[in-house]
> 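If you scroll down you'll find the structure; I have some questions about it.
Residue numbers start at 1 and run along the sequence shown. What you are looking at is a predicted structure, and each value in this text was computed from that prediction instead of being measured. Ligands are counted one by one from 1 in listed order, and the atoms in each one are counted from 1 as well.
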Amino acid sequence: MENNQNKIEIAANGPILVQGTIEIKHSDGRIEIKEKSCALCRCGHSANKPFCDGAHRKIDFKG
Ligand code: FES
């Protein structure tokens, strides 16, 4: 199935890559719109959750 609007890719040993415009509702209720793309942390070590800040490289995340 081909959907050209929104895609999610799991990067090897890295973040969840989201393509497309998405609305993120944070745990405090704040709404944030991400246009085009964003990377979501999958390793749990980002200092800017839910977004990836590259920390997965420092901890040599595998997954
Ligand atoms: S996946 Fe990149 S900081 Fe967690």
> Just jot down the ligand 1 atoms closer than 4.0 angstrom to any heavy atom of D53, in number order.
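With D53 as reference, the close atoms of ligand 1 come out as 3 (S).
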> At what distance, to the nearest 0.5 angstrom, does CG of N6 lie from OG1 of T21?
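It is 7.5 Å, given to the nearest 0.5 Å.
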> Angle subtended at atom 2 (Fe) of ligand 1 by SG of C52 and ND1 of H56, to 10 degrees?
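For SG of C52 and ND1 of H56, the angle centred on atom 2 (Fe) of ligand 1 reads 90°.
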> Need the ligand 1 atom indices (1-based, order shown) with element for anything under 4.0 Å from a heavy-atom of R42.
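Numbered from 1, ligand 1 contributes 1 (S), 4 (Fe).
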> Under 4.5 Å between side-chain heavy atoms, counting indirect links through other Ile/Leu/Val/Met/Phe/Trp/Tyr residues: same cluster for I10 and I22 or not?
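Linked, I10 and I22 end up in one cluster.
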> Taking the side chain as every heavy atom from C-beta outward, state whether H56 and R42 have any pair of such atoms under 4.5 Å apart.
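They are not in side-chain contact.
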> State the NE2-CD1 distance between H26 and I31, to the nearest 0.5 angstrom.
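Going from the NE2 atom of H26 to the CD1 atom of I31 covers 8.0 Å.
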> Rounded at 0.5 Å granularity, tell me how far SG in C52 sits from CZ in R57.
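C52 SG to R57 CZ: 6.5 Å, rounded to 0.5 Å.
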> Taking backbone and side chain together, does H45 place any N/O/S atom at a distance below 2.8 Å from atom 4 (Fe) of ligand 1?
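Not a single backbone or side-chain N, O or S atom of H45 is under 2.8 Å from atom 4 (Fe) of ligand 1.
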> Using 2.8 Å as a strict upper limit, say whether an N, O or S atom of C41 approaches atom 4 (Fe) of ligand 1 that closely.
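So C41 counts as coordinating atom 4 (Fe) of ligand 1, yes.
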> May I ask you to list the atoms of ligand 1 that are less than 4.0 angstrom from any heavy atom of S46?
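Those qualifying, in numeric order: 3 (S).
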